[in-house]
Amino acid sequence: ATENSANIVVRIDVEGNLKWTTTFTSDKYSAYFGPARIKQLRNGNLIVAQQANLIDLDHPYTAPPKPGYYTVCMDSKFGTRIWDKNYTYTSALSGAEKAFGEIANITELPGGDISILTSYADTAYIYFRKTTKVINILTDNLGKLKKITAYQNAKPPVYTPSATEVGANGDQVVLMDNSDAPYLMR
C-alpha cells in the first residue's frame, strides 16, 4: 500500500476545549501535502487549500506524480467534508522542473466564488525562490475550476508570501517578492 499524508483539523472552543477532530486526505491520490491555509466562508463552511504532490492510486508505479494543489471544504459545526478538489498541472512531456509555492491566501469573492493565490513556475528559477509567477486559482463555491490567471514580474524570481482582501468588492492586495532574501541573512 502507498503511504498517504493526512491533514488533521481540530475545532476548539474559547476555553481551549476540543469540540471536534477530523482527518482528511485525497481519496483518489496518495497525497503528500505542503503547508496549508484555512478560511471560514460567509456560510460558516471552512476551506483548506495547500500545495500537494499526488500519486494516482490506480497506477502508483506507472503514472508520474502530479504536482498541484488540494482543496477541501468542510462544515465548521462538525468538521464533515462537503467536497474536495485537486488542481494539478498536466502538459506534454517536458524535462522542465515544475515548482509549486505555498498558498498565500484564500478569499471568498462577493458572488461566492473562491480565489486561491499562490506561486508557480513551469521552469524553476535557479535561486532560492524557484517560482516565476503568482497565480490566482478561481473556482466556484463547489470548487469547480473557472479559470487561472498568472501575474508575472519582468525579472524572476517572483513569489507571493502573503495577500489579503481589501474592502467588500473582492479586491485583493498581493505581496509579490522578487528577492532571494535568505541569501542576505548571516
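- Contact check for Val48 versus Phe24: side-chain heavy atoms found under the 4.5 Å cut-off.
- How far CG of Asp75 is from OG1 of Thr80: 4.5 Å, rounded to the nearest 0.5 Å.
- Distance check: Arg81 CZ to Thr23 OG1 gives 10.0 Å after rounding to the nearest 0.5 Å.
- The structure places CG of Leu145 at 8.0 Å from CG of Leu138, a figure rounded to the nearest 0.5 Å.
- Residues meeting the side chain to side chain donor-acceptor pair (under 3.5 Å) test with Thr118, sequence neighbours left out: Tyr69.
- Taking both residues in full, the closest heavy atoms of Gly143 and Tyr87 are given as O-OH, 2.5 Å, listed atom of the first, atom of the second, then distance.
- Note on Ile8 and Trp20: separate hydrophobic clusters, where clusters join Ile, Leu, Val, Met, Phe, Trp and Tyr whose side-chain heavy atoms are under 4.5 Å apart, directly or indirectly.
- No continuous path of hydrophobic side-chain contacts links Ile47 to Leu109 [ILVMFWY only; heavy atoms under 4.5 Å].
- No path of Ile, Leu, Val, Met, Phe, Trp and Tyr side chains, each step under 4.5 Å between heavy atoms, connects Ile12 with Met74, placing them in separate hydrophobic clusters.
- Distance check, rounded to the nearest 0.5 Å: CD1 of Ile114 to OG1 of Thr139 gives 4.0 Å.
- Taking each heavy atom of Pro110 and Ala168 in turn, the nearest pair found is CG-O, 3.4 Å.
- Of the inter-residue distances, the one linking Leu46 atom CG with Ile38 atom CD1 reads 5.0 Å to the nearest 0.5 angstrom.
- Among all heavy-atom pairs drawn from Asn105 and Ala163, the shortest one is CG-O, 3.4 Å.
- Note on Leu41 and Ile103: same hydrophobic cluster, where clusters join Ile, Leu, Val, Met, Phe, Trp and Tyr whose side-chain heavy atoms are under 4.5 Å apart, directly or indirectly.
- Counting only residues at least two apart or on different chains, no salt bridge (charged side-chain N to carboxylate O under 4.0 Å, His left out) pair has a member in residues 7-23.
- Two residues are said to be in side-chain contact when any heavy atoms from C-beta on lie closer than 4.5 Å; Thr22 and Phe78 fail this criterion.
- Shown here are the salt bridge (Lys or Arg N to Asp or Glu O under 4.0 Å) partners of Lys39, two or more places apart in sequence or in another chain: Glu165.
- Gln50 places a side-chain N or O within 3.5 Å of a backbone atom of Gly34 that can act as its donor or acceptor partner.
- The structure places CG of Asn43 at 8.0 Å from OG of Ser76, a figure rounded to the nearest 0.5 Å.
- For the side chain to side chain donor-acceptor pair (under 3.5 Å) test, residues two or more places apart in sequence or in another chain that qualify with Gln172 are Thr107, Ser115.
- The other residues sharing a hydrophobic cluster with Val166 are Val173, where clustering joins ILVMFWY side chains under 4.5 Å apart.
- Cys73 and Asn45 get closest at one heavy-atom pair: SG-CB, 3.9 Å.
- Within the structure, every pair that satisfies the salt bridge (charged side-chain N to carboxylate O under 4.0 Å, His left out) test and touches residues 103-115, not counting sequence neighbours, is listed here: Arg42-Glu108, Asp113-Lys146.
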